Amino acid sequence: MTKPVDRSARQRAIVAVATAVAAAAAVGAAGQGCGCHGRASDSGVTGTTDSGTDAASDSGAAACNFPPPMVGGTAATDALADDPARCGSPAYTWLRDASLGSVLGIGSSASYAAGTLAVLAGAAGVTLPRPPLYDASVRGFSYQTQDRGVLLAATAAVAWPEGLPADQALDVVVILHGTMGFTDGCSASTNVGMQFLAAYFASLGHVVVLPDYIGLAAPGTTTGFPHPYLVGEATAIASLDAVRAVGAMAPADRGGMCVAPRFVTWGVSQGGHAVLWVDRLAPYYAPELTALGGVAAVPPADLTTQAERSLSTVTAATGLVTAAAAATPTWYGYGGMLDQILVPPWDTDVPAALAASCNPTLDFSMMTLADVFQPAVLSAASAGTLETLDPFGCVMTENSLTSTSIARMGPGTGDPAYGVLFVLGEIDPIVDPTIEEASFDALCAAGMPLQFLKCAGAGHVEGALWSLGEALDFMDARLAGTPLAAADLCNRGAAVTCSGTQ
């Protein structure tokens, strides 16, 4: 019993590049899973700079001022920052530390000519929604973040366009990746497919930040504990500190480009969940940054109901729920109680397999749910009462955007241009669209400015890939300050043919 997570070839395509924009061109074989191989460089944490690959200078550095980190700052935001622990986990306080977002190490850069980006995409059979405008470069780096009130090193990549004026402050696009794995080394920043994706977004004229998330550090950095899979706080904090790090980075290390403290987010699957959590926590954790919204593609916003579905009958997501059952409670301090969720020896075999491989698999054809999960878990899932079953139920509930105890405070309150595009695939077998339609309605009812898009005939990968053109248009409108059209705000229409449909 050493293979806990079921990932089909389709799921592995998501894992590799977050929407397959350049999956085959950049990664190569479709079955490479999390991208722990085929790296362009393992240089995110070396502490050195390959300045020979950059046309960078410090000219215009005076125009590259970026605000210092701020955590909390009001009575409401300080209340969470002072006591963020949930589900009975040990108490801690978010640090208000000037080092948050400081750069710890800089790697060498990889360059992509605009024409090469287009040719590689074409060779992979991918039609880009827009042609690349600029050559682009990508480099890895390590930076300071925090986890449960303790400073922690994390890794990410930054991408920038070449040839723009050095004193022109560019807005930031944050790419929040899908499931890459569950342990250090399963890093997006060193995956050539994800680097290609970051370079493509940068070629459109943005500075791009690609965080690895806590527990998925690039080689050279050690987290010391497993990736807290689908824990909203851990991922959002690391992502916001990655934006801070790119703003604090010496201009020469980001191609001479200046960075504005304004950003949009784009994420797929686990990354779509992360987009919604950045929206939720940015006003609490990084109020000095201007969040402008973004795109949450095929997001599991309601983890509890999605888990109930996949624990009532085997689905394409049952393996991922198994991973969450093993990895997520551990972050809350319940690692020694996994035998209350998983039947031994799965309570030890699943965490061991998650630590051993970026792409573990579990074949449920040789067993039943009752072979893996404790009867109380399956009974609660079947009854629709998983939220009452501690600790797993609380953990799922607190990380579901529809039921977390953390109130949404914005961002975007009073800003008619702020919004999040909520994208679903009509026949998604992994993130059930009916469940997430209800999530969309609930979040809208709570005041979140959402726009809906469901791609007709789209599964999980296709929902993200086919909607990329609409996603770029939506993010451009947010960055331009264009108000959300009243007719589109929280209007959940029928499935449509998305622009990239094939």
Side-chain angles (χ1 to χ4, degrees), residues 14 18-19 173-176 178 230 232 235-236 264-282 291-306 399-404 408 410-412 415-428 430-478 482-501:
I14 307 164
T19 62
V173 174
V174 184
I175 295 177
L176 297 171
L230 294 171
T235 297
V264 291
T265 51
W266 178 83
V268 176
S269 195
Q270 182 189 3
H273 179 260
V275 166
L276 300 176
W277 270 103
V278 168
D279 166 90
R280 187 63 58 106
L281 290 185
L292 298 169
V295 179
V298 293
D302 184 352
L303 294 179
T304 305
T305 307
Q306 293 285 357
N399 287 288
S400 295
L401 280 303
T402 53
S403 55
T404 179
R408 186 177 186 274
D415 181 357
Y418 185 93
V420 174
L421 180 63
F422 198 98
V423 181
L424 299 177
E426 183 183 28
I427 56 172
D428 190 337
I430 298 171
V431 173
D432 182 78
T434 302
I435 293 172
E436 295 313 329
E437 287 171 355
S439 296
F440 176 88
D441 292 345
L443 292 171
C444 279
M448 188 172 177
L450 294 175
Q451 184 171 317
F452 185 79
L453 177 64
K454 181 163 66 173
C455 294
H460 196 62
V461 174
E462 295 88 355
L465 174 61
W466 294 353
S467 64
L468 186 57
E470 287 88 346
L472 292 173
D473 290 344
F474 188 87
M475 291 189 291
D476 281 352
R478 308 288 71 75
T482 304
L484 281 174
D488 295 330
L489 185 63
C490 285
N491 179 11
R492 181 164 61 80
V496 299
T497 301
C498 290
S499 63
T501 301

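This structure is a prediction, so every number in the text was calculated from the model and none was measured.
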Identify the heavy atoms of [X] and [Y] that sit nearest to each other, and give their distance.
X: Gly425; Y: Val298; answer: N-CG1, 3.9 Å
X: Gly463; Y: Cys455; answer: O-SG, 3.9 Å
X: Trp466; Y: Cys498; answer: O-CB, 3.5 Å
X: Leu424; Y: Pro433; answer: CD1-O, 3.7 Å
X: Ile430; Y: Asp428; answer: N-OD1, 2.8 Å

Heavy-atom check, side chain of [X] versus side chain of [Y], under 4.5 Å:
X: Val174; Y: Val278; result: no
X: Leu401; Y: Ser439; result: no
X: His460; Y: Ser269; result: yes
X: Phe474; Y: Leu484; result: yes
X: Val496; Y: Leu453; result: yes
X: Met448; Y: Leu276; result: yes

Please confirm whether the backbone N or O of [Y] pairs with a side-chain atom of [X], one donor and one acceptor, at under 3.5 Å?
X: Ser467; Y: Ala464; result: yes
X: Thr404; Y: Asn399; result: no
X: Gln451; Y: Leu421; result: no
X: Glu426; Y: Lys454; result: no
X: Gln306; Y: Val431; result: no
X: Ser400; Y: Thr304; result: yes

* Partner set under salt bridge (Lys or Arg N to Asp or Glu O under 4.0 Å) for Asp279, not counting sequence neighbours -> Arg408

Nearest-0.5 Å distance, [atom1] of residue [X] to [atom2] of residue [Y]:
X: Asp441; Y: Phe452; atom1: CG; atom2: CZ; result: 8.0 Å
X: His273; Y: Thr235; atom1: NE2; atom2: OG1; result: 8.0 Å
X: Asp432; Y: Ile427; atom1: CG; atom2: CD1; result: 12.5 Å
X: Glu436; Y: Phe422; atom1: CD; atom2: CZ; result: 5.0 Å
X: Leu468; Y: Ser499; atom1: CG; atom2: OG; result: 7.5 Å

* To do: Apply side chain to side chain contact (heavy atoms under 4.5 Å, CB included) to Asn491 and list each qualifying residue two or more places apart in sequence or on a separate chain.
  =>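 Counting only residues at least two positions away or on another chain, Asn491 forms no side chain to side chain contact (heavy atoms under 4.5 Å, CB included).
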
* Asked: Is it true that the side chains of Thr434 and Glu437 contain a donor and an acceptor less than 3.5 Å apart?
  ->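 Distance-only check fails for Thr434 and Glu437.
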
* Asked: Who passes ring pair (Phe, Tyr, Trp, His ring centres under 6.0 Å) against Tyr418, sequence neighbours left out?
  ->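 Residues passing ring pair (Phe, Tyr, Trp, His ring centres under 6.0 Å) with Tyr418: none at all.
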
* Asked: Among Val295, Asp476, Leu292, whose side chain to side chain contact (heavy atoms under 4.5 Å, CB included) with Val264 holds?
  ->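 Only match with Val264 under side chain to side chain contact (heavy atoms under 4.5 Å, CB included): Leu292.
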
